[in-house]
Amino acid sequence: MMIGSWTLPHPVCAAPMAGVTDRPYRRLCKALGAAYAVCEMAASNPRLWNSVKTAQRLNHHGEPEPLAVQIAGADPDMMAEAALFNVRKGACIIDINMGCPAKKVCKAASGSALLRDETLVARILERVVAVCRPLGIPVTLKTRTGWDRQSRNAVRIARLAEDCGIAALALHGRTRCDLYTGEAEYDTLRAVRNAIRIPLIANGDIDSPEKARQVLLTTGADAVMIGRAARGRPWIFREIAHYLKHGSHLPPPTYGELRELLLGHLEDHYSFYGEHVGVRTARKHIGWYLAGLPEAGPLLTRIMALDSTDAQARALRHWLEQQPAEKAATPETTPH
């Protein structure tokens with residue numbers, strides 16, 4: 001699959017997730033097989049570009065290309081300005097967010113709230129594509145099937161996106177009002193696939209190699225995008241890519257590999273965020289990694305109370321070194 005001039009080595013991508021897909025996480029996902037990873041959404045408002053939070057989101061130092069930056073907003077000129085700002089900072093691909101269901105985003109008429117105004121959607125897409133095209137920067141769109149089940153307009157939005165010059169479409173198979181409940185609408189994704197010629201990336205409920213293959217076959221999509229199922233399980237990208245290519249399963253990571261991956265992720269995470277923020281934001285990642293593992297409950301309780309990165313890492317290292325290094329780190333219960 002191609003996005004502009006970029007050719008992806010296989011059809012397994014990492015979805016943008018607010019508060020999750022920061023630079024350390026994206027680098028790990030790419031190292032573990034993600035063909036493509038989109039950064040967490042960045043505001044299009046120039047007044048926010050110098051904030052610490054936005055500056056961190058736009059820090060791509062040491063990340064393998066292509067660098068894909070997602071921007072969010074409701075003003076076409078501001079979105080175009082944000083696209084150019086991010087291209088100057090190294091973005092190879094600009095992704096437009098019209099799928100975020102968060103209340104604070106939708107209250108600002110951004111994210112999936114834009115699906116209720118197709119005229120504005122067209123203005124934003126046209127404006128961003130117009131400023132990126134002369135620079136050779138492809139623009140992609142991530143969206144949902146509609147605002148609610150009574151107003152699904154994914155096919156019209158997809159055709160509109162193609163007409164405006166969007167290079168690829170990532171579609172989460174739920175409406176905004178569904179949030180993350182119910183089952184993804186793969187029939188809607190199939191209808192979108194039949195309506196457009198640009199690449200379609202299927203997103204929603206893909207949590208195993210078998211499910212990825214099923215979704216590709218059912219929808220006709222060109223690729224799959226993994227979000228929540230990769231939290232604490234970043235090796236899912238290599239598992240799915242291997243299964244799609246060979247039809248067989250890779251063995252799960254051992255405790256020895258988990259120790260190296262988790263501690264390496266934390267080292268990068270602490271370096272990126274610093275002591276005060278790093279120890280706090282690492283807790284959710286640790287919780288995802290250890291969810292369902294035998295006898296990890298008491299450790300997680302202790303981890304949540306520790307307030308230094310050194311203590312956090314030492315506690316994890318000590319616990320992981322007590323586990324048989326060659327034993328598969330398989331959860332007793334499904335973590336997602």
Classify the side-chain pair His285/Tyr25 by whether it contains a donor and acceptor separated by less than 3.5 Å.
-> no
So, are Arg228 and Asp207 salt-bridged, with charged N and O less than 4.0 Å apart?
-> no
Distance-only donor-acceptor check, side chains Tyr186 and Gln214, under 3.5 Å | no
Do any N or O atoms from the side chain of Thr145 and from the backbone of Ala154 form a donor-acceptor pair under 3.5 angstrom?
-> no
Can you name the nearest heavy-atom pair linking His269 to Thr281, along with the distance?
-> NE2-OG1, 2.7 Å
Would a hydrophobic clustering, with Ile, Leu, Val, Met, Phe, Trp and Tyr connected at side-chain separations under 4.5 Å, put Tyr36 with Leu141?
-> no
Kindly write out the residues that satisfy side-chain hydrogen bond (donor to acceptor under 3.5 Å, both in side chains) with Arg174, not counting sequence neighbours, or none if the list is empty.
-> His172, Asp205
Thr254 versus Glu326, closest heavy-atom pair with distance = CG2-O, 3.6 Å
Report the C-alpha distance between His10 and Phe237 in whole Å, list the side-chain angles of each, state the deciding distance to 0.1 Å, and finish with yes or no for side chain to side chain contact (heavy atoms under 4.5 Å, CB included).
-> CA-CA 10 Å; His10 59 74; Phe237 300 103; 5.6 Å; no
Can any side-chain N or O of Gln70 pair as donor or acceptor with the backbone N or O of Asn97 at less than 3.5 Å?
-> no
Check the side chains of Asp148 and Thr175 for a donor-acceptor pair under 3.5 angstrom, ignoring hydrogens and angles.
-> no
Over 60° means perpendicular and under 30° means parallel, so classify the ring planes of Trp319 and Tyr255, tilted if in between.
-> perpendicular
Pairwise salt bridge (Lys or Arg N to Asp or Glu O under 4.0 Å) hits with a residue in residues 268-283, at least two apart = Arg27-Asp268
Check: Ile196 main-chain N/O paired with Arg193 side-chain donor or acceptor under 3.5 Å = yes
Residue from Arg213, Lys245, Arg233 passing salt bridge (Lys or Arg N to Asp or Glu O under 4.0 Å) with Glu239 | Arg233
Any sub-3.5 Å donor-acceptor pair from Ser112's side-chain atoms to Cys100's backbone N or O?
-> yes
